[in-house]
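Working notes, structure below.
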Amino acid sequence: MKLMEDKVVLITGAAPGYIRAYNCVTGKLEWTFHTVPNPGEPGHETWDPEAYKVVGGANNWAGLSIDNKRGMVFLSLGSASYDFWGADRKGDNLYSNCVLALDAATGKHIWHFQTVHHDMWDYDLPAPPALITINNNGKKTDAVAQITKQGFVFVLDRETGKSLFPIEERKVPVSNLPGEHSSPTQPFPLKPKPFARQHITEADLTNFSPEDHEALVKQFRSMRYEGLYTPPDLKGTIQLPGTRGGGEWGGAAYDPATNLLYVKSNDAPDLITITTGTKQPSEMDVQESSSQLTTADRSARPDQYVNSTGYKTWKDPSGNPAITPPWGTLSAINMATGDYAWQIPLGNDSLRQQKGAPETGQEGKAGPVVTAGGLIFISGTEDRKLRALDKATGKLLWQTTLPALANATACTYQVNGKQYVAISVGGTKDNPSGSIMAFAIP
């Protein structure tokens, strides 16, 4: 909802995610940056002229990073609302799905890079930009590494926003939905290669039983699927990576001593099921200002297309994953070269692991933390393990089973010369409030 000319204007699905800076001493609002630009502001031309009145989203839900030396703030912005249909927001839609660099003192725009044009897949940026310093043959470059749900890492110069690796604008499938105007191209970084699976075939469907496999094949053949960026469609769409990535909110960890960036990935497709209907404004959508809302303001919104199966992993009728493992990986990427040092499955579904096969990997939201002593700590997988890995090789060095799922990223700290790792663990039936657990490093 947004107040304009003494009148409330309805926002479809979400409020606009404006960025605001407050003085911590006085509480005064210092500046506001409109992530859905108003008329006269740069980026307004990438929307329908009236879109700023009705479109929400483009918010910084994933967090931000500060460069104190440069006085810059870096933000990873979400998609515009509605996530899966954008007929009321024609254009590329700045600053949704952008890495955005602002002057921290004034909120002035310095640069931006858009990772998805006119998002229709909920491929908003899931984690804060990682501020890294790359050492390449003795030359140090301050950069921003942004992971995405699609499985890309965009590596951008911190001062200019210029990519350190080539990026191609490639043609992508076109939407068939009435009123939709999908972007004809999307940006593809040539390095690093994707850390998540972006394409599957019929051969990748699981076969836990003949009946389950047959059901998956039938579903696969009946839906629209043309690889990454297949648009939502009335016949249904397979989406890989799904809405939870690829990359997740746990973010990445960076080791400046080795130039290695560590990223956890989910490899789990979603099904997009498009239905149409009329959405009525709710009491939360509408609040009265000093003037009365008009009849038009109170009327039903026009027909719009919604995804009725969003945010759920595609599974067979028996509840097994639809595609073959790995279902989650941990990657180590050299940011100086863009090449992979290693990639391993992370997590294990022992009930579905084939005899003699590698661990299955599992979905997970937590990210890694890397220590100067050469360790990676990571949790978040459904097997409830907290693991310590060798940062150079990914070899498992230690693990423990937690009392519940831990979706949080671990932290490390030191007291009286001794190092510890702590993690927030979710609740259980016996301990609904959850717990914080700490482990000493020998």
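If you read the sequence from its start, that first residue is 1, and numbering goes on from there. Quick caveat: nothing in here was measured; it's all calculated off a predicted structure.
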Salt bridge between [X] and [Y], side-chain N to carboxylate O under 4.0 Å?
X: Arg221; Y: Glu202; value: yes
X: Glu226; Y: Arg224; value: yes
X: Glu248; Y: Lys264; value: no
X: Arg158; Y: Asp67; value: yes
X: Asp142; Y: Lys69; value: no

Inset, instruction - Determine, step by step, whether Ile272 and Met120 satisfy the side-chain contact (heavy atoms from CB on, under 4.5 Å) criterion, reporting the C-alpha distance in whole Å, the side-chain angles of both residues, the deciding distance to 0.1 Å, and the verdict. - result: CA-CA 11 Å; Ile272 300 177; Met120 302 179 297; over 6 Å; no
Would you say [Y] and [X] are linked by a side-chain donor-acceptor pair, where the criterion is simply a distance under 3.5 Å?
X: Arg384; Y: Ser379; result: no
X: Ser79; Y: Asn97; result: no
X: Glu41; Y: His34; result: yes
X: Gln304; Y: Thr276; result: no
X: Gln150; Y: Tyr229; result: yes
X: Asp92; Y: His118; result: no
X: Asp83; Y: Tyr123; result: no
X: Glu180; Y: Ser175; result: no
X: Thr106; Y: Asp103; result: yes

Inset, instruction - For Phe154 and Phe113, run ring-ring contact (aromatic ring centres under 6.0 Å, His included): C-alpha distance rounded to whole Å, both residues' side-chain angles, the deciding distance at 0.1 Å, then the answer. - result: CA-CA 9 Å; Phe154 290 94; Phe113 179 84; 5.1 Å; yes
Under 6.0 Å from the [atom1] atom of [X], do we count more than 12 heavy atoms belonging to anything else shown?
X: Lys90; atom1: NZ; value: yes
X: Leu29; atom1: CG; value: yes
X: Lys193; atom1: NZ; value: no
X: Glu214; atom1: CD; value: no

Atom [atom1] in [X], atom [atom2] in [Y]: separation rounded to 0.5 Å?
X: Ser318; Y: Phe208; atom1: OG; atom2: CZ; value: 10.0 Å
X: Thr273; Y: Asp233; atom1: OG1; atom2: CG; value: 11.0 Å
X: Leu389; Y: Leu346; atom1: CG; atom2: CG; value: 7.0 Å
X: Leu125; Y: Thr115; atom1: CG; atom2: OG1; value: 4.0 Å
X: Thr329; Y: Ile344; atom1: OG1; atom2: CD1; value: 9.0 Å
X: Leu156; Y: His112; atom1: CG; atom2: NE2; value: 11.5 Å

Is the shortest side-chain heavy-atom distance between [X] and [Y] below 4.5 Å?
X: Tyr340; Y: Phe195; answer: yes
X: Trp111; Y: Met72; answer: yes
X: Trp61; Y: Leu77; answer: no
X: Val172; Y: Thr185; answer: no
X: Trp314; Y: Gln219; answer: yes
X: Val370; Y: Phe377; answer: no

Inset, instruction - Report the C-alpha distance between Lys391 and Asp255 in whole Å, list the side-chain angles of each, state the deciding distance to 0.1 Å, and finish with yes or no for salt bridge (Lys or Arg N to Asp or Glu O under 4.0 Å). - result: CA-CA 9 Å; Lys391 74 175 185 180; Asp255 180 25; 2.7 Å; yes
Inset, instruction - Report the C-alpha distance between Tyr254 and Tyr262 in whole Å, list the side-chain angles of each, state the deciding distance to 0.1 Å, and finish with yes or no for ring-ring contact (aromatic ring centres under 6.0 Å, His included). - result: CA-CA 6 Å; Tyr254 183 67; Tyr262 302 96; 8.6 Å; no
Could you tell me whether the side chain of [X] and the main chain of [Y] form a donor-acceptor pair under 3.5 Å?
X: Thr230; Y: Thr237; answer: no
X: Lys149; Y: Thr243; answer: yes
X: Thr35; Y: Ala58; answer: yes
X: Asn266; Y: Gly364; answer: yes
X: Thr371; Y: Leu375; answer: yes
X: Asp204; Y: Ile323; answer: no

Inset, instruction - Report the C-alpha separation of Phe220 and His213 in whole Å, then their side-chain angles, then the decisive distance to 0.1 Å, and conclude whether the ring-ring contact (aromatic ring centres under 6.0 Å, His included) test is met. - result: CA-CA 10 Å; Phe220 186 85; His213 180 69; over 10 Å; no
Considering non-hydrogen atoms only, spot the tightest contact between [X] and [Y] and give its length.
X: Val263; Y: Ala252; result: CG2-CB, 4.0 Å
X: Phe165; Y: Gly338; result: CZ-N, 3.6 Å
X: Glu159; Y: Ile110; result: O-CG2, 4.1 Å

Legend entry - Residues Val55, Trp47; criterion side-chain contact (heavy atoms from CB on, under 4.5 Å); working and verdict: CA-CA 10 Å; Val55 175; Trp47 302 78; 3.5 Å; yes
Inset, instruction - Could you please spell out the steps behind the side-chain contact (heavy atoms from CB on, under 4.5 Å) verdict for Lys140 and Ile134? - result: CA-CA 5 Å; Lys140 293 186 176 181; Ile134 299 169; over 6 Å; no
Inset, instruction - Run the numbers on Trp85 and Asn307 for side-chain contact (heavy atoms from CB on, under 4.5 Å), then give the verdict. - result: CA-CA 9 Å; Trp85 185 65; Asn307 178 14; over 6 Å; no
